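Note sheet for the following structure.
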Protein chains: 2
Amino acid sequence: MNSKTEITMKDIAEALGLSRSTVSRALQGHPHISADTKAQVMDEAKRLGYQYNAMAASLRKKKSNTIGLIVPRISRYYQSAVITAIQNRLHENRYNLMICQSNESPEIEKELVDALFASRVEGLIVSTTLYTTDFSVFDIFARSGRPLVFFDRTPKSYPAHKIQGDDYKGGYLAADHLLRQGCRNIAYIGGATTCSIYRERYDGYRDALANYGIVPDEEMVFFHDLTPENAVKTFDGILRMKKELDAIFAGNDTIALALVTHAKKLGMRLPDELKIVGYSNDPLTDVVNPSITSVEQHPYEVGEQSASLMLGLIGGTIKPGKNYISVTIPVELVERESSQKMADTVII
Amino acid sequence: MNSKTEITMKDIAEALGLSRSTVSRALQGHPHISADTKAQVMDEAKRLGYQYNAMAASLRKKKSNTIGLIVPRISRYYQSAVITAIQNRLHENRYNLMICQSNESPEIEKELVDALFASRVEGLIVSTTLYTTDFSVFDIFARSGRPLVFFDRTPKSYPAHKIQGDDYKGGYLAADHLLRQGCRNIAYIGGATTCSIYRERYDGYRDALANYGIVPDEEMVFFHDLTPENAVKTFDGILRMKKELDAIFAGNDTIALALVTHAKKLGMRLPDELKIVGYSNDPLTDVVNPSITSVEQHPYEVGEQSASLMLGLIGGTIKPGKNYISVTIPVELVERESSQKMADTVII
DNA sequence: AAACCTTATGCAATCGATTCCAGTGTTTCA
DNA sequence: TGAAACACTGGAATCGATTGCATAAGGTTT
């Protein structure tokens, strides 16, 4: 019918012989407006099919009620779990979330930062790409005083609020566990070191080994894209070197699963011959055979903390002054079959 | 420094002694503005730290360059793959995407529809919750002439554009394949029937059985929430009934995997004793042991079609008139180990 | 009856960018 | 030389909602 012209408050006002201010206030439930007028306005709004224009209101109020979020990929279990937590928390507080994917591309990441800024999001939550090294793209938020919170993949040297898992501890726990299970030749396959989380997990791994007087063998430590294909290739490479190998600490659960499957195909008996530990505690680690030991990062907690921090910063209930808040969420090891000592479990 | 007042075009205009119109045009690269003026404006904008306000522009232009998207959950492989495709396509066309999760709740879904409408998204792409039965919540989009496109979970009876996988065919292919492998007692575990896709897959399954003169056993057909726990419970229930069972057609890959693992734990030899087919061709079906036969739905294609349709409808290059466009994306069966005939493959 | 408070409403500016319609000054061509 | 064409730029309204300030009517107090 009326696809050309939008019904606005002005239309309601004119239809009722009221002013636009009164209509606006009535619709907001302002206390100075009489109950009678409010009812009239509501009715007329419904009758005309009036729809609130949040953009116009945002412009005037300088308040968009929207937070921006940039992640490399929404498909990964951990990231999507964090996002869900963030969105739930924001939704409770009547905030919208604009979710964007950088696809691990720093260029796209920059475009998204600018686009979200232009859309006047009130704050930005980010997990960077693996290859982001120039963090100045985030400066516009810092400069304009709009809150900026990083989670998971946080920039080591860039000043900003950060919520992250305890990656050092995660690496330590994983390696220590494998050592306790009797392993002494533990490989590490992590992601690109431009991203600090893999470096920190390595540090934890290294320090755990040190407790046992072991220095990591450079040839058993890998940093590369964590795709199943790459992981399998790396694994085959290790085997070709004819080195002793009794365990692998994998950078994520997807490749841990790929390694488990590949090792089984090669006829290795798991976990007797080879123990594997993954990272993130993806639900699938629990439903495969053997189930895979992994490091729980509590994504829901990370998300809640990120969202709460953001809301606090926007609402002014959190005033960090010149300081930056850094929250480290504890991690814990979830032991499953893939790292059991011999004879503890039977794998079919 | 200047967190209170924003730098606007007006500031640039005043600094340069130009009018706001000229500044606006210069910034847009309007051909009527001299190269010299443009350069001056650009420089001054940079110097002052000017940042474009997309909201103000959207209000004036009545064009937000933003599309809304509502899905039940972003964490599921198929959905997130579709979203990625949509976002990539929109990004190429300088459109933003507001991704929202309904968490399978019709109430939240309604709130999101209203919020996105209020934010003046130019169109809405939706995959409904399992329990959405009242589709009138989407009426505001239809009424205002803003494009509405459903994908995957599309409302059977609601008039709108739809992009969907061929679920009937998928069900047919899966069942037919199992029949060809020699199975005659095939269970079906699908999701809630309020959602048409599970009903259609069932129809395909039923018709495939009919070709072999088989009528589905009501006690071997299940419609419930597709969680691993539920699936395992259902499976145990079937076993308790002491019925003949040689195959299961599972509603998604997550439960297919859970069933495979559970069956192995029970000491069943897969695929000899029991064959399993999943749905969606989640990458994990390929890396588990045995790898799982599944139905590929081409999520990337679904996403591209959805985004292209949306862009076409907005841009006016697609004019459906009073008609609604319905695109069905072909599906295909990807055969893997979990459904091989005896002795075709060896499972370790 | 004057002063004062309450309650309910209206006026008009404002948020920041866009764009139609003019209005300059310069060039070109008959 | 006059007129038309052209290249730039400015004025001012506009998008739709919000809000500080003003105002009016009615009620209460002294």
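This structure is a prediction, so every number in the text was calculated from the model and none was measured. Order of the sequence lines sets the chain letters (A, B, ...), proteins ahead of strands, with each chain counted from 1. Values below: every heavy atom of this structure, side chains too, minus hydrogens, waters and symmetry copies.
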Q) Is Glu122(B) paired with Lys62(B) through a side-chain N to carboxylate O contact shorter than 4.0 Å? A)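 Salt bridge between Lys62(B) and Glu122(B), a charged N being under 4.0 Å from a carboxylate O: no.
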**Q.** Ionic contact status for Glu44(B) with Arg47(B), cut-off 4.0 Å
**A.**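 Judged by the 4.0 Å cut-off on N to carboxylate O distance, Arg47(B) and Glu44(B) do form a salt bridge.
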(Q) Once you apply a heavy-atom cut-off of 4.0 Å, does Ser24(A) come out as touching a base, just sugar-phosphate, or nothing? (A)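 Base contact.
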Q) Of the residues in residues 50-57 of chain A, which ones touch DNA chain C at a heavy-atom distance under 4.0 Å? A)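 Heavy-atom cutoff 4.0 Å gives no residues at all.
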Whole angstrom is fine here: how far is it from [atom1] in [X] over to [atom2] in [N]?
X: Leu59(B); N: dT18(C); atom1: CG; atom2: C1'; value: 10 Å
X: Met9(A); N: dG10(C); atom1: CE; atom2: P; value: 14 Å
X: Glu122(B); N: dC15(D); atom1: CD; atom2: P; value: 18 Å
X: Leu27(A); N: dT9(C); atom1: CG; atom2: C1'; value: 16 Å
X: Arg60(B); N: dA17(D); atom1: CZ; atom2: P; value: 16 Å
X: Ile12(B); N: dA17(C); atom1: CD1; atom2: C1'; value: 11 Å
X: Lys61(B); N: dG16(C); atom1: NZ; atom2: P; value: 17 Å
X: Lys63(B); N: dT18(C); atom1: NZ; atom2: P; value: 13 Å

Is it true that the side chains of [X] and [Y] contain a donor and an acceptor less than 3.5 Å apart?
X: Glu109(B); Y: Thr132(B); value: yes
X: Gln101(B); Y: Thr84(A); value: yes
X: Arg89(B); Y: Ser308(B); value: yes

Q) Step by step, would you call Phe150(A) with Phe138(A) a ring-ring contact (aromatic ring centres under 6.0 Å, His included)? A) CA-CA 11 Å; Phe150(A) 289 92; Phe138(A) 300 106; 5.1 Å; yes
Q) So Tyr324(B) and His161(B), would you call those rings parallel, tilted or perpendicular, with 30° and 60° as cut-offs? A)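 Correct class here is tilted.
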Q | Mutual orientation of the aromatic rings belonging to Phe135(B) and Tyr158(B) [parallel < 30°, tilted 30-60°, perpendicular > 60°] | A |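 Phe135(B) vs Tyr158(B) ring planes: tilted.
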(Q) Which heavy atom of Asp134(A) sits nearest to which heavy atom of Ser136(A), and what is that distance? (A)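 Taking every non-hydrogen atom into account, OD1-OG, 2.7 Å.
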**Q.** Least distance between heavy atoms, Ile99(A) atom then Ile83(A) atom
**A.**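 In terms of heavy atoms, the two residues are closest at CD1-CG2, 3.7 Å.
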Protein N or O to nucleotides 8-10 of chain D N or O, pairs below 3.5 Å:
{"from": "dT9(D)", "atom 1": "OP1", "to": "Thr37(B)", "atom 2": "OG1", "distance (Å)": "2.7"}
{"from": "dT9(D)", "atom 1": "OP2", "to": "Ser34(B)", "atom 2": "N", "distance (Å)": "3.2"}
{"from": "dT9(D)", "atom 1": "OP2", "to": "Thr37(B)", "atom 2": "OG1", "distance (Å)": "3.2"}
{"from": "dG10(D)", "atom 1": "OP2", "to": "Ser19(B)", "atom 2": "N", "distance (Å)": "2.9"}
{"from": "dG10(D)", "atom 1": "OP2", "to": "Ser19(B)", "atom 2": "OG", "distance (Å)": "3.2"}
{"from": "dG10(D)", "atom 1": "OP2", "to": "Thr22(B)", "atom 2": "OG1", "distance (Å)": "2.5"}
{"from": "dG10(D)", "atom 1": "N7", "to": "Arg25(B)", "atom 2": "NH2", "distance (Å)": "3.2"}
{"from": "dG10(D)", "atom 1": "O6", "to": "Arg25(B)", "atom 2": "NH2", "distance (Å)": "2.6"}

Q.
Taking only side-chain N and O atoms of Lys62(A), does any of them lie within less than 4.0 angstrom of OP1 or OP2 on dG16(C)?
A.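 Yes, such a contact exists.
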Sub-3.5 Å pairs of nitrogen or oxygen atoms, protein against nucleotides 24-26 of chain C:
none

Q: I would like to know whether Leu124(A) and Leu69(A) meet side chain to side chain contact (heavy atoms under 4.5 Å, CB included); could you show each step before the answer?
A: CA-CA 6 Å; Leu124(A) 182 65; Leu69(A) 175 94; 6.0 Å; no
